[in-house]
Amino acid sequence: MEYSIHDLSKLSGVSTRTLRWYDEIDLLKPGRVADSGYRYYGPAQVDRLQAILTYRALGVELARIRDCLDAPSFDRLALLRQHLTALYAQKARLESMIGSVEQTIRREERKEPMKDEAKFAALKEQVVAENEAAYGQEARKRYGDQAVDTANKTLLGMTAAQYETWTALDAELRQRLENAVDAGHSPASEEGKALCELHRRWLAMTDKTLTAAKQKGIAELYVLDDRFTAYYDRKVPGCAQFLRDAVATWAQ
């Protein structure tokens with residue numbers, strides 16, 4: 001069975017733009033290209049796309065995926081088993097978070113007093129759970145389970161003072177972004193540079209191995225993913241774009 005690029009997009013959930021990009025970088029070539037220029041994909045290409053998406057879910061970069069798939073020793077069954085192991089690990093993490101939130105709800109319903117330490121721990125667990133629900137899947141696809149798990153662990157291990165600093169940096173970043181966009185500043189301005197540094201400091205509190213490349217990749221998500229865009233643009237449209245451009249200009 002053959003699929004047009006639009007049919008394959010619907011089947012896989014991968015945009016036609018991404019499929020064309022995969023073709024350009026020799027990651028996923030169509031089975032054939034008609035005289036009209038339309039791309040068509042057969043069973044072999046569908047299997048390869050499944051492998052690509054599996055690797056992406058494991059956090060592997062595209063260039064590395066291409067090398068793996070083109071290697072004579074590529075083992076599709078081993079890859080699927082590796083993916084299944086990662087999914088089980090993710091399931092365990094989610095079940096743990098669900099249990100923690102359920103426990104907090106029961107305490108609230110019974111109006112049981114909680115020590116400040118317990119309240120603070122529950123608050124951090126709630127933040128991690130909400131972040132996982134909203135952004136976890138995309139973050140794990142792009143950066144891998146280990147990177148996300150480490151960030152979550154770092155957040156859960158913060159002291160009250162560290163957590164207050166982290167949330168204050170986030171609030172300051174959003175407020176200054178809104179002010180910068182309202183004032184018509186350029187991302188290439190000194191204010192754009194300051195916002196890039198503020199963004200780096202905020203990220204670095206949960207990612208001790210943060211690099212400029214990773215900061216740029218995270219900022220890119222702010223305009224590629226509607227959920228991230230909505231977070232920054234909830235009061236002033238254009239904030240996500242401004243931050244992405246500022247980081248692209250100044251991160252080093």
Side-chain angles (χ1 to χ4, degrees), residues 13-22 25 53 56-63 124 126-152 154-155 158 163 165-252:
V14 178
S15 70
T16 56
R17 179 182 179 184
T18 298
L19 291 173
R20 292 189 184 95
W21 171 244
Y22 286 174
I25 63 175
L53 296 179
R56 291 298 287 147
L58 294 172
V60 182
E61 296 182 353
L62 293 180
K124 290 187 293 183
Q126 181 179 349
V127 170
V128 169
E130 289 175 351
N131 285 343
E132 277 284 352
Y135 315 116
Q137 184 177 4
E138 181 62 30
R140 290 179 184 279
K141 284 182 180 180
R142 184 173 286 255
Y143 301 108
D145 288 331
Q146 183 176 355
V148 176
D149 289 343
T150 299
N152 288 342
T154 301
L155 176 56
M158 282 183 180
Y163 183 79
T165 299
W166 183 71
T167 55
L169 283 174
D170 180 43
E172 181 183 356
L173 175 62
R174 286 187 284 110
Q175 184 61 61
R176 287 183 64 173
L177 267 174
E178 292 166 3
N179 293 343
V181 173
D182 278 338
H185 289 301
S186 165
S189 67
E190 286 300 312
E191 182 62 11
K193 183 178 181 179
L195 283 165
C196 173
E197 172 59 19
L198 189 59
H199 180 250
R200 186 201 63 78
R201 287 171 54 201
W202 177 65
L203 290 177
M205 289 198 69
T206 55
D207 186 349
K208 303 305 180 184
T209 62
L210 182 69
T211 63
K214 187 182 290 187
Q215 183 185 3
K216 290 178 180 179
I218 292 172
E220 189 70 26
L221 283 176
Y222 299 160
V223 296
L224 294 178
D225 191 308
D226 291 341
R227 295 165 298 177
F228 289 100
T229 304
Y231 178 77
Y232 285 105
D233 288 7
R234 53 188 169 184
K235 290 185 179 179
V236 179
C239 287
Q241 181 76 44
F242 185 101
L243 182 55
R244 192 283 299 271
D245 293 345
V247 170
T249 301
W250 293 107
Q252 56 184 1

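Positions are given from 1, in the same order as the sequence printed here. Values reported hereafter were calculated over all heavy atoms of this structure, with side chains retained and with hydrogens, waters and symmetry mates removed.
Under a cut-off of 6.0 angstrom, the local environment of NZ in Lys193 is sparse, with at most 12 non-hydrogen atoms contributed by other residues, nucleotides or ligands.
Judged as a salt bridge (Lys or Arg N to Asp or Glu O under 4.0 Å), and not counting sequence neighbours, Asp233 has no contacts. Contacts of Tyr222 classified as ring pair (Phe, Tyr, Trp, His ring centres under 6.0 Å), with partners at least two apart in sequence or in another chain: His199, Phe228, Tyr232.
Between Leu155 and Lys124, the shortest heavy-atom contact is O-CD, 3.3 Å. Looking at every heavy atom in both residues, Ala246 comes nearest to Gly192 through CB-O, 3.6 Å. Between Pro237 and Lys235, the closest heavy-atom pair is CD-O, 3.9 Å. Of all heavy-atom pairs between Ala180 and Glu191, the closest is CB-CG, 4.1 Å. Residue Gln215 comes nearest to Ala251 through the heavy atom pair OE1-CB, 3.6 Å, listed as atom of the first residue, atom of the second, then distance. Here the closest non-hydrogen pair linking Ser15 and Thr18 is OG-OG1, 2.9 Å.
For the residue pair Asp207 and Thr209, a side-chain donor N or O sits within less than 3.5 Å of a side-chain acceptor on the partner.
Note that CD of Gln252 and NZ of Lys216 are 8.5 Å apart. Values are rounded to the nearest 0.5 Å. Atoms CE and OG1, from Met158 and Thr206 in turn, are 6.0 Å apart once rounded to the nearest 0.5 Å. Taking CD of Glu220 as the reference point, atom CG of Leu243 lies at 11.0 Å (rounded to 0.5 Å). Rounding to the nearest 0.5 Å gives a distance of 12.5 Å between CZ of Arg17 and CG of Leu19.
Side-chain atoms of Gln241 and Thr229, non-hydrogen and from C-beta on, never get closer than 4.5 Å to each other.
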Trace of the side-chain contact (heavy atoms from CB on, under 4.5 Å) decision for Arg244 with Leu221: CA-CA 8 Å; Arg244 192 283 299 271; Leu221 283 176; over 6 Å; no
All N/O donor-acceptor pairs, side-chain side in residues 167-175, below 3.5 Å, sequence neighbours left out:
from	atom 1	to	atom 2	distance (Å)
Thr167	OG1	Tyr163	O	3.1
Thr167	OG1	Glu164	O	3.0
Asp170	OD1	Tyr231	OH	3.3
Asp170	OD2	Tyr231	OH	2.6
Glu172	OE2	Arg176	NH1	3.4
Arg174	NE	Tyr231	OH	3.2
Gln175	NE2	Asn179	OD1	3.1

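With hydrogens and angles disregarded, no donor-acceptor distance shorter than 3.5 Å links the side chain of Glu197 to the backbone of Trp250.
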